[in-house]
Amino acid sequence: MSDINKAPESVLESGPFLFADVLDMRSLREICVNYEIDWLIHFSALLSAVGEANVPLAMQVNIEGLHNVLEVSRMYKLKLFIPSTIGAFGPDSPRYPTPDLTIQRPRTIYGVSKVHAELMGEYYNHKFGLDFRCLRYPGVISTDQPGGGTTDYALKMFHDALTTKVHHCYLRPDTRLPMMYIDDLLTATVDYMQVPDKKLSMRTYNIGAVDFTPEELANELRKFVPDLEVVYNPDHRQAIADSWPQKFDYSTAVKDWGYRPLYNMSAMCEVMVQSLLPKYKIRRNQTLEEVKE
Ligand SMILES: NC(=O)C1=CN([C@@H]2O[C@H](COP(=O)(O)OP(=O)(O)OC[C@H]3O[C@@H](n4cnc5c(N)ncnc54)[C@H](O)[C@@H]3O)[C@@H](O)[C@H]2O)C=CC1
Ligand SMILES: CC(=O)[C@H](N)C(=O)O
């Protein structure tokens, strides 16, 4: 694994960790040679909200970085995975549900750069035979710190529910977005990378699991924290969310390579609360039963 930032202890314990800047082509080449890399999972990106706040940097990391990654993958014959996103669609796309192949005219630099990544990867596949694979992820639900996206509110609501019991939401209560739990996403990504080429009718697939609004998430969380309060104060991120899919059609992934998410809304909330609780229980000396009270 690599990044330009220091890794948490858990990552350092799980295997080798290197500094790598996707803007530095020479160092990417060096790593591919020295570490005999054969798969490249390219996660580096500026997400939708931070991308809008710094468009030049988003263009560098998301577009120039992508070009470097494509080139090293071609040079060293790597298998390349790049995630795309619900943000690769825009207000002209059908939103309920959004199919794999449809109009894509996103209005954020993040979305534009992801459509560019989808198309460039597919071009390298046709032109050079690069084994490029891409999944369009919905908003990811995990206990990790959010990276500056429009779907971040959902992660914060979990933390707020277990601490202050008040969540200030920057989206309207009825803003529906597709989401999925991190374990489903990681399983799908590893499974997809191992599917034989001949089974793939496309290189870029939608995947998903659930879709919900802030109000629906709050109601689900009230099963654990009945007095959770949500204060709605929509900001600039509302316009981004309003241009994105509300529900993903991922039937082609199911048909082609057997994609099957396991976490529905209640399973996702249960596992998130159980995972976060130890962190806050220590601080507040509470049990889950006490939090539920
Ligand atoms: N989190 C989500 O809800 C979704 C994420 N994705 C995609 O998944 C990928 C990972 O997303 P997250 O982990 O949530 O984002 P994040 O913002 O947490 O992580 C992005 C990472 O890129 C690194 N980075 C920034 N500039 C870099 C550079 N010049 N060289 C190397 N690394 C650099 C950052 O240090 C950061 O660790 C992204 O490509 C994103 O588009 C897609 C859909 C949903
Ligand atoms: C859905 C995404 O790609 C990301 N979480 C964002 O909100 O920007």
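Start at 1 and go down the list; that is how both ligands and their atoms are numbered. Quick note: numbers below take in every heavy atom, side chains included, and nothing from hydrogens, waters or symmetry partners.
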*Is it true that the side chains of Glu122 and Thr204 contain a donor and an acceptor less than 3.5 Å apart?*
yes

Lining ligand 2 at under 4.0 Å, by non-hydrogen atom distance, are residues Leu47, Ser48, Thr85, Ile86, Tyr110, Gly149, Thr150, Thr151, Trp244

Taking the six-membered ring for Trp, are [X] and [Y] parallel (under 30°), tilted (30 to 60°) or perpendicular (over 60°)?
X	Y	answer
Phe81	Tyr137	tilted
Phe248	Phe89	perpendicular
Tyr110	Trp244	tilted
Tyr153	His167	tilted

(message) With a 6.0 Å cut-off (strictly less than), is the heavy-atom count around CD of Glu36, excluding the residue itself, greater than 12?
(response) no

**Prompt:** Is the number of heavy atoms from other residues, nucleotides or ligands under 6.0 Å of Phe43 CZ greater than 12?
**Reply:** yes

**Item:** Glu64 vs Leu23 side-chain heavy atoms within contact, under 4.5 Å
**Value:** yes

Ordered by chain then number, the protein residues lying under 4.0 Å from ligand 1 by heavy atom are Asp3, Ile4, Asn5, Ala20, Asp21, Val22, Phe43, Ser44, Ala45, Leu47, Val61, Pro83, Ser84, Thr85, Tyr110, Lys114, Tyr137, Pro138, Gly139, Val140, Gly147, Thr151

- Task: Without swapping roles, check the side chain of Arg203 against the backbone of Phe132 for a donor-acceptor pair under 3.5 Å.
- Result: yes

